[in-house]
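Bear in mind the structure is a predicted one, so any value in this text is a computation, not a measurement. As the structure lists them, so they are numbered: ligands from 1, and atoms in each ligand from 1.
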Amino acid sequence: MGSSSKERKSDKTTASTKSKKSKTKEKEASDDELSTPKKSTKSKKRKADEDETKEKKHKKEKKHKEEKTDKKDKKEKKDKTHKKDKKPKKSKDDVPAEDELTETAPEPPAMPEPAPVDGLLRFPDFSRQHLLSGESALEAARMGIPHWLAHPATVDRNATAPVADPRFALSPHAIACCEKAGISTLFAVQAAVIPVLRTAHTLSRLRRHVRDLCVSAPTGSGKTLAFVLPIVEKLRQRLVVRLRALVVLPTKDLAHQVKECFDFFCAGTDLRVGLATGDVSLAKEQAALTDQSSNLAGGSSLVDILVCTPGRLMDHLTLTTNFTLQHLEFWVMDEADRLLGETYQDWLPKVQSFIEAPVSPNALTTTGDIPIPDACTSRDPESKLDLLACPPPRIQKLLFSATLTQDPAKIARLKLVRPLYISITDEGKKDQGATTGSTATYTFPSTLTEHYASCPVDEKPLWLIYLLWEQRISGGVCFTKSLETAHRLAQVVQTWATSVPDDAWLGAKIVVAEYSSDLPAAERARIMRLFKQGAINLLICSDLIARGMDVDQIASVINYDVPTHMSQYTHRVGRTARAGRQGSAYTLVGSTQMFHFKKMMTECQHWDGCLNLIKPRKDLLETLRTQYMTALETVDEIYN
Ligand SMILES: Nc1ncnc2c1ncn2[C@@H]1O[C@H](COP(=O)(O)OP(=O)(O)OP(=O)(O)O)[C@@H](O)[C@H]1O
């Protein structure tokens with residue numbers, strides 16, 4: 001009892017002392033709020049004592065530290081003297097500090113322009129003088145277009161250079177291939193892009209200089225070679241076969257075309273190029289792409305470069321054993337704006353996730369407890385499985401199109417790193433798209449002559465016949481809005497052409513073929529072969545070959561149906577006037593479509609003085625009308 005009363009007393013005392021202290025504190029606090037604190041003499045003394053003790057302690061610690069540093073310095077000095085002659089020179093293969101290499105590393109400062117040193121590659125001197133100003137810049141910002149996208153580095157289309165120019169640092173093999181292909185001068189897009197890619201990969205083992213590229217250049221300006229050449233040049237130095245370049249195209253036909261280009265430039269190297277388009281069974285493609293029996297997951301690629309369509313790429317990513325993107329260095333998207341609009345199986349985010357995902361430990365073979373990675377790298381910078389601690393090369397994304405989108409939302413999906421936007425334009429037409437507020441710039445081949453004819457909608461087939469006859473069109477492609485129209489039109493035109501006596505043709509007699517996605521691949525290939533040989537000289541099709549197809553023989557393009565968008569017009573007419581050759585484009589505009597057509601052209605500053613109006617000769621039109629009516633009757637008899 002007694003002790004407890006004592007405890008209670010002492011508790012009371014403590015409590016009262018505490019409350020006194022807290023009262024004093026409260027008072028000090030309230031004083032503090034009003035004025036500079038006035039400390040009592042007692043507390044001043046206590047403070048001075050404390051300070052003295054602190055200083056003593058600090059001096060002691062400092063002395064101790066100095067002694068320690070002194071000892072360390074002496075030791076290092078001794079070691080240095082000892083190792084002086086033994087120190088190895090820094091090799092170019094030295095592995096750099098990890099934080100310097102990961103993509104999460106802080107954004108490096110703006111790349112300094114390397115001085116023009118002989119023997120070293122230089123970045124091209126992209127003009128930046130015509131940056132958007134005033135309202136245009138504000139407009140771009142308002143539309144949410146990132147600065148780099150609104151301010152392309154423009155290159156004049158005449159800025160060509162000889163293949164052997166040291167800026168390109170092309171190997172004798174590449175130069176020989178160009179010679180074999182009849183290429184002595186690199187076109188502007190190639191002269192601009194190749195040094196950027198070559199420099200990035202030659203100078204920088206850190207790959208700091210690796211920037212993603214968006215390239216916009218007119219149709220037929222040589223974009224394919226702009227990525228094929230540097231990729232082959234980089235990869236031909238590789239030792240082990242890995243899938244290092246992925247080239248995605250929107251259609252099978254285009255994929256075949258680009259594969260042919262790679263094959264040509266890879267001939268004489270041991271690089272292997274694969275194709276995944278779904279032309280053959282999945283099993284056959286799988287067998288051609290990876291060694292299915294290998295237990296080195298992902299390390300059994302049978303190809304270095306894969307040219308594919310998005311659909312088949314998805315199949316291989318999900319179904320093919322040992323198919324991996326972990327070694328990828330280049331990811332090319334040709335006809336990028338079309339691919340970005342492609343939602344098939346959500347392909348874009350899926351590929352993106354395969355690239356970003358760390359290599360799954362399940363994908364590794366183990367010997368006992370030790371994992372054997374298929375190669376020295378994984379994409380995960382934190383990965384403990386990264387045995388050689390060698391950082392993976394960063395994937396360079398390369399986007400090409402004649403009508404590259406400026407839609408910020410679409411571009412953002414690609415997560416581009418320090419992107420550089422190169423645009424090949426006409427002098428004086430810079431920033432055209434941005435000033436008009438459209439979502440892409442449109443530049444046409446300078447060798448293209450454009451025409452249009454305004455005609456009654458129900459007389460379009462007759463006017464097409466008129467054009468074919470009067471303009472002596474041979475080697476032409478005629479675009480319709482649908483397969484059905486293409487089918488019917490091909491029947492009518494072919495029937496009319498057959499009905500005209502051979503000796504009436506002053507030029508080559510027209511032989512028509514329908515070229516449609518409904519046809520089997522082999523049949524399409526046969527028709528294209530005949531077209532290239534001149535045995536067929538007019539292809540009637542929907543938009544199947546409106547993009548990217550490169551056929552020398554196309555001298556004229558006819559838009560039987562008016563394109564609904566400027567990019568569609570650009571790609572269609574771009575099938576002619578390629579690689580500096582002359583070409584003509586004709587658009588048949590139904591009288592009810594005239595308003596839309598003119599508006600579309602005017603908005604893209606492509607109306608005044610750009611197109612010639614065709615005024616038909618009435619007598620010839622009437623003569624042909626009779627022939628056309630007869631052909632129509634024959635078609636109805638034969639086919640219906
Ligand atoms: N430097 C060059 N010299 C001569 N011809 C070239 C050169 N570069 C490319 N070509 C040829 O130019 C043609 C068009 O090239 P390519 O198909 O790459 O054009 P593109 O810019 O991709 O066109 P599109 O936008 O229509 O796809 C091809 O036949 C190609 O062989």
Side-chain angles (χ1 to χ4, degrees), residues 155 157-165 167-168 170 174-175 177-195 213-232 247-251 253-265 307 332-339 398-405 422-425 440-448 475 477 479 528 532 543-555 557 566-583 585:
V155 175
R157 70 160 95 217
N158 297 316
T160 58
V163 168
D165 190 312
R167 263 189 312 151
F168 307 131
L170 292 179
I175 294 175
C177 283
C178 287
E179 256 170 38
K180 204 169 153 194
I183 294 171
S184 55
T185 304
L186 290 185
F187 290 161
V189 65
Q190 298 153 358
V193 169
I194 293 173
L213 277 192
C214 292
V215 181
S216 168
T219 51
S221 61
K223 292 184 285 294
T224 314
L225 207 58
F227 62 81
V228 168
L229 258 181
I231 289 179
V232 173
V247 183
V248 189
L249 292 118
T251 65
D253 290 358
L254 283 183
H256 278 277
Q257 188 175 288
V258 170
K259 160 96 167 32
E260 270 174 34
C261 191
F262 269 112
D263 283 341
F264 183 86
F265 283 90
V307 184
V332 180
M333 276 168 271
D334 199 2
E335 306 296 342
D337 55 323
R338 165 88 187 272
L339 284 172
L398 308 170
L399 280 72
F400 290 84
S401 181
T403 52
L404 199 63
T405 179
I422 298 175
S423 173
I424 310 297
T425 57
T441 49
Y442 302 97
T443 308
F444 295 86
S446 56
T447 47
L448 176 72
V477 176
F479 289 107
M528 192 49 84
K532 287 178 180 174
D543 276 327
L544 176 66
I545 54 167
R547 265 181 188 260
M549 283 307 287
D550 181 55
V551 183
D552 290 1
Q553 288 74 10
I554 301 177
V557 167
M566 197 59 182
S567 66
Q568 193 183 23
Y569 179 86
T570 309
H571 287 285
R572 280 181 175 186
V573 301
R575 291 320 95 212
T576 188
R578 299 173 70 76
R581 285 187 293 274
Q582 295 295 323

Checking the side chain of [X] only, and the main-chain atoms of [Y] only, is there a donor and an acceptor separated by less than 3.5 Å?
X: K180; Y: I175; result: no
X: T160; Y: L186; result: no
X: S216; Y: S423; result: no
X: E260; Y: Q257; result: no

Among all protein heavy atoms, pick out the one at the shortest distance from [atom]; state its residue, atom name and that distance to 0.1 Å.
atom: atom 10 (N) of ligand 1; answer: F187 CE1, 3.7 Å
atom: atom 8 (N) of ligand 1; answer: Q190 NE2, 2.8 Å
atom: atom 12 (O) of ligand 1; answer: A579 CB, 3.1 Å
atom: atom 14 (C) of ligand 1; answer: D550 OD1, 3.5 Å
atom: atom 18 (O) of ligand 1; answer: T224 OG1, 2.7 Å

Pairwise distance CG(D165) to CG(L170) - rounded to 0.5 angstrom: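 That separation rounds to 9.0 Å.
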
Pairwise distance CD1(I183) to CG(L229) - rounded to 0.5 angstrom: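 Going from the CD1 atom of I183 to the CG atom of L229 covers 7.5 Å.
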
If you count the atoms of ligand 1 from 1 in the order shown, which ones are under 4.0 Å from a heavy atom of [X]?
X: R575; result: 26 (O)
X: L186; result: 1 (N)
X: T185; result: 1 (N), 2 (C), 3 (N)

Taking only Lys NZ, Arg NE, NH1 and NH2, and the carboxylate oxygens of Asp or Glu, determine whether K223 and D334 approach each other closer than 4.0 Å.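 Not counted as a salt bridge, because no side-chain N and carboxylate O are separated by less than 4.0 Å.
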
Residue selection (non-hydrogen contact nearest atom 17 (O) of ligand 1) among E335, R578, K223: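 The residue whose heavy atom sits nearest atom 17 (O) of ligand 1 is R578.
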
Given A402, A546, G220, which has its nearest heavy atom closest to atom 24 (P) of ligand 1?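 Among A402, A546, G220, the closest heavy atom to atom 24 (P) of ligand 1 comes from G220.
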
Could you label the plane-to-plane angle of the F444 and Y569 rings as parallel, tilted or perpendicular, counting under 30° as parallel and over 60° as perpendicular?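 Answer is perpendicular, since the angle exceeds 60°.
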
Taking a cutoff of less than 4.0 Å between a non-hydrogen atom of the residue and any ligand atom, is S221 in contact with ligand 1?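 A heavy atom of S221 does come that close to ligand 1.
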
Does ligand 1 have an atom that lies less than 4.0 angstrom from a heavy atom of P218?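 Checking ligand 1 against P218, which is what was asked, there is a heavy-atom contact under 4.0 Å.
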
